[in-house]
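Remarks on the structure that follows.
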Amino acid sequence: ALHPETVDGPEVLADLDAEVRRMQVLVDDLLVLARVGAAPVAAAPVDLGALARAVAALPRPGSATVMVEGRGGATADVRAAERVLRNLVD
């Protein structure tokens with residue numbers, strides 16, 4: 001349990017706010033995917049390695065480093081694949 005005398009209130013609130021925002025993005029993406037599931041998918045060849053490298057290069061808060069190795073292709077909806085990759089690295 002956290003003791004009030006050892007907790008930095010503003011820092012804890014800032015961390016909570018960041019996590020709530022991240023969860024909101026995930027929920028929004030799930031809602032989009034649910035709607036997409038009811039619509040036809042625009043499947044096309046996707047270079048997953050290039051897409052993963054592009055997503056990994058995006059600025060993000062925190063100090064995590066994302067490394068992408070290798071190449072691979074798939075037939076997928078590029079926007080949905082990007083959404084999945086963003087959720088994995090965030």
Side-chain angles (χ1 to χ4, degrees):
L2 299 175
H3 193 277
E5 293 178 12
T6 61
V7 173
D8 181 4
E11 182 179 337
V12 170
L13 289 176
D15 289 345
L16 285 172
D17 182 58
E19 290 304 314
V20 167
R21 290 176 192 273
R22 182 175 172 275
M23 289 301 296
Q24 184 63 49
V25 168
L26 290 173
V27 169
D28 289 345
D29 283 347
L30 285 173
L31 291 171
V32 167
L33 288 173
R35 285 190 293 268
V36 167
V41 175
V46 177
D47 181 342
L48 292 176
L51 184 59
R53 281 187 285 285
V55 169
L58 295 172
R60 65 184 36 84
S63 59
T65 301
V66 178
M67 294 175 35
V68 178
E69 296 180 6
R71 298 175 5 202
T75 299
D77 181 310
V78 69
R79 290 187 305 173
E82 180 181 356
R83 214 174 287 120
V84 168
L85 290 170
R86 282 180 183 240
N87 287 337
L88 286 173
V89 299
D90 283 347

Only counting residues at least two apart or in another chain, list the ones meeting salt bridge (charged side-chain N to carboxylate O under 4.0 Å, His left out) with R86. E82
According to side-chain contact (heavy atoms from CB on, under 4.5 Å), who are the partners of D29, at least two apart in sequence or on a separate chain? V25, R83, N87
Return the CE to CZ distance between M67 and R53, rounded to the nearest 0.5 Å. 12.0 Å
By side-chain contact (heavy atoms from CB on, under 4.5 Å), which residues pair with V89, not counting sequence neighbours? V55, R60, V66
Co-members of the apolar cluster containing L26 [side chain, <4.5 Å]: M23
The criterion is side-chain contact (heavy atoms from CB on, under 4.5 Å); which residues satisfy it with E11, sequence neighbours excluded? D8, D15
Salt bridge (charged side-chain N to carboxylate O under 4.0 Å, His left out) involving R21 - partner list, sequence neighbours excluded: D17
Indicate every side-chain donor-acceptor pair of residues 40-51 with a distance under 3.5 Å to a residue at least two apart or in another chain.
unit_1 : atom_1 : unit_2 : atom_2 : d
D47    : OD1    : G49    : N      : 3.1
D47    : OD1    : A50    : N      : 3.1

